[in-house]
Protein chains: 2
Amino acid sequence: MSKDTPPTVPTHTTKQRRSSDQVTLSQVAKAAGVSPITASRALNHPDKVSDSARDSVLAAVEKLGYVPNLLAGSLASSRSQLIAVIVPSLINTVFVEVIQGLQETLEAEGYQILLGNTDYDLDREYQLVRTFLGWSCSALVTAGLRHNKACHTLLTNCGHPIMEVMELGEGMDLNVGLDHVAAGRCMANHLIDKGYRHIVYVGARLSQDYRASMRFEGHEAVLKGAGLDAPLVELDTLGSLQAGAEGLAQVLTQYPDTQAIHFANDDLAAGALLAAQRQGLNIPNDIAIAGFNGLPLGQHLTPQLTTILSPRKEMGRLAAKELIRRLSGKNVYRRQHDVGFKLQLGEST
Amino acid sequence: MSKDTPPTVPTHTTKQRRSSDQVTLSQVAKAAGVSPITASRALNHPDKVSDSARDSVLAAVEKLGYVPNLLAGSLASSRSQLIAVIVPSLINTVFVEVIQGLQETLEAEGYQILLGNTDYDLDREYQLVRTFLGWSCSALVTAGLRHNKACHTLLTNCGHPIMEVMELGEGMDLNVGLDHVAAGRCMANHLIDKGYRHIVYVGARLSQDYRASMRFEGHEAVLKGAGLDAPLVELDTLGSLQAGAEGLAQVLTQYPDTQAIHFANDDLAAGALLAAQRQGLNIPNDIAIAGFNGLPLGQHLTPQLTTILSPRKEMGRLAAKELIRRLSGKNVYRRQHDVGFKLQLGEST
DNA sequence: CGCTGTCATGATAGCGCTACCATACGTTTT
DNA sequence: AAAACGTATGGTAGCGCTATCATGACAGCG
């Protein structure tokens, strides 16, 4: 069926489309008496147009209340000012603080954060990554070094900078974090130094919070090295004050001669500390308690909580800076950044 | 300058553009043996194509590893699956919990959250709104009913659903929140019922956290109504445990005969409670302490903190549901939703 | 058997912006 | 003086997708 007769009238009644009343750059350009492309340059590369052109464009923008369509701009230039941030949870303050650090630094550079929450589900992470790549994010930040196969492939091939935060290690691209195994060792050493011999590690959902289990690895290695047992109590509820109280109860039942408990984080530790006090136990004489993270709460308890301070906000800031550096084309010498940690001695051990 | 000579050779060497190796829908369509538009329909309106077409498109998507370009799709359809969420702070857990509620509901419906943080700066809010509108967000969620003039104008005219959360009142469009004045009254009544007569309200940065000052209004009205003074202590640091401790100290100095302190939130209250205990004060006998929010921490302290429980996550969920309902074209009967609050009696009053 | 009404599919024309080239003009170099 | 360069500006053609309209096929109806 060869069509030899062209459509008599090409329907050139301008196939009208939804007329999104939005003010466009062309309208601004017309009002300013320049071409659209000059208007575009006046806004995005101000140094590439004459002062007079720039001024009249800016005046027109103001007058018409022009709001740039970022969608169109990003599509045309195939780069967006979006940066995806994927975290496993928002309940855990730790991630929120990292996000804060990222946000304050990125927003100052004109980037927007696209936030995703995996709920500790790696398949969900993969889905989020797909979606975010669909938004042509300039970069992706994700918590942790563990991903599922598909996600890993997608990320390594997407061509955008990838920043893996929280834990130190060989990542796909950029990495900012701390050594959790070392942190576990550090606290275990401290407890042994203090003379404790019966030490239990308490964590919650370690398969999900695998960084906590890395800390346990370090802890275990030190204890074993000192010829001690390294019992582990794993709770099924997520880290919280409540879970900490339960952890304490479980330890007291299962290991009655425990002298010290090394909790996977400060929430658990604080919950246990408060519960212990409610029960009339003396800390650290009856039982010593240690945490991880260095949340402010620990410093306001009596006794103050012994913990390990992790520079969370700083981690976010540093990650953001490194990303910005990479995105602005500069070479990034160090792909891996150790933000370190610090033993914070309290009275609870 | 009439151009009568067309460009000799129209440079039709296909003005090649950056060839973003990305797999496009056209490629998928070709692989599936259908037209691009059918491929588009197969993905976005699966019920509008035949089963066979749909299957071959999906197979091609899988085979080529196609990731839809959401930018292009949104531009073409002038609607995005983005929803902007603007909060004044992430340090305050309260907002994070609202975000959680929003996120779990919105993500389930395929929406993405674009997060903005104003740092309690209304001009910053305006900037964020501008940016977000540039992304063609389908809707905007913002914390609070107070905005600056420009922001208000922009929001009311943007044509997208606006959801104002946290506080109840006459908003621009949709509203989910609670009555903070009533909450302040509620706690004040409780304290009076308990027999306290010298009651101080302690808040932090009330000009920023104006919801706390609304609670003070309610508090003050009740106290004045009972013929009592309603002194206010305002701290300059943001709400935190540390600030709470300082608030306590300030109250003890300025109003030595204070019997009860009504704190603007649980962080302050908990900080004060812990500090008081450290100083050997008995709560509530020496001094009673009340908070607001119903954070878990309060329930784990001894004595348990008397507070007002605000349904934060629920607020986020409800806001999300209402938005989705509106976005799916359904009529929204109630533009205003009161999520209420609940006096949570502890042992601290 | 024509008429109308679905249904599946496709051709076309944008969405609003910017990359890419081309042009015009003034300034410097040889 | 001619050539080479730099700067400000504009025309054109897309970025990848979808709204709109048009088409052809087939069913139901009098």
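In what follows, every chain begins at residue 1, and chains take the letters A, B, ... in the order their sequences are listed.
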> So, does A:Ser50 get its side chain near the phosphate of D:dT9, meaning an N or O under 4.0 Å from OP1 or OP2?
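Yes, because at least one side-chain N or O of A:Ser50 sits under 4.0 Å from OP1 or OP2 of D:dT9.
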> Between P on C:dG10 and NZ on B:Lys48, what's the gap in Å once rounded to a whole number?
16 Å
> Please report the interatomic distance CG(A:Asn148) to CZ(A:Arg124), rounded to the nearest 0.5 Å.
12.5 Å
> Which of these nucleotides, D:dT9, C:dT9, C:dC17, is closest to any side-chain atom of A:Thr24?
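Closest nucleotide among those given: C:dC17.
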> Please determine whether a side-chain nitrogen or oxygen atom of B:Asn69 lies at a distance below 4.0 Å from atom OP1 or OP2 of D:dC15.
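Negative; the distance criterion is not met.
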> For B:His152 and B:His147, take the angle between the two ring planes, folded into 0 to 90°, and tell me which bin it lands in: parallel under 30, tilted 30 to 60, perpendicular over 60.
tilted
> Hey, does the side chain of B:Ser40 come within less than 4.0 Å of D:dT18's phosphate (OP1/OP2), counting only N and O?
yes
> If you check the B:Leu25 side chain, which of D:dT18, C:dT9, D:dG10 turns out closest?
D:dT18
> Rounded off to whole Å, could you give me the CG-to-P distance for the B:Asp47 and C:dT6 pair?
17 Å
> Atom CZ of A:Arg54 to atom C1' of D:dT9: distance rounded to whole Å?
14 Å
> Output the rounded distance in Å from CD (B:Gln27) to P (D:dG16).
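From B:Gln27 CD to D:dG16 P: 9 Å.
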> To the nearest Å, give me how far apart CD1 (B:Ile37) and P (D:dC17) are.
11 Å
> If each of B:Val34 and A:Pro68 is mapped to the nucleotide of DNA chain C with the nearest heavy atom, which maps nearer the 5' terminus, i.e. the 5' end?
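This one resolves to B:Val34.
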> D:dT9, OP1 or OP2 - any side-chain N/O from A:Ser35 closer than 4.0 Å?
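No, no such contact exists.
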> Between D:dT9, C:dC17, D:dG16, which one does the side chain of A:Ala76 approach most closely?
C:dC17
> Does NZ in A:Lys30 sit with more than 12 non-hydrogen atoms of other residues, nucleotides or ligands closer than 6.0 Å?
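No, not enclosed.
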> Figure out the NE2/P separation between A:His45 and D:dG10, and round it to whole Å.
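Between P of D:dG10 and NE2 of A:His45: 16 Å.
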> Is it the case that the side chains of A:Thr131 and B:Gln112 hold a donor-acceptor pair, with the cut-off being a distance below 3.5 Å and no angle test?
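No pair is found: no donor N or O on one side chain lies under 3.5 Å from an acceptor on the other.
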> Would you give the length of the straight line joining atom CE of B:Met163 to atom CE of B:Met315, rounded to the nearest 0.5 angstrom?
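If we round to the nearest 0.5 Å, B:Met163:CE and B:Met315:CE are 11.0 Å apart.
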> So, is A:Arg79 near the phosphate of D:dC15, with a side-chain N or O under 4.0 Å from OP1 or OP2?
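Indeed not, no polar side-chain atom of A:Arg79 lies that close.
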> Give the rounded distance in Å between these two atoms: CG of B:Leu70 and P of D:dG16.
14 Å
> Would you kindly give the CG-to-P distance between A:Leu75 and D:dC17, to the nearest whole Å?
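Between P of D:dC17 and CG of A:Leu75: 9 Å.
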> Looking only at the side chain of A:Gln22 (C-beta and beyond, no hydrogens), which of the listed nucleotides D:dC17, C:dG16, D:dT20 gets closest?
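For A:Gln22, the side-chain atoms sit closest to C:dG16.
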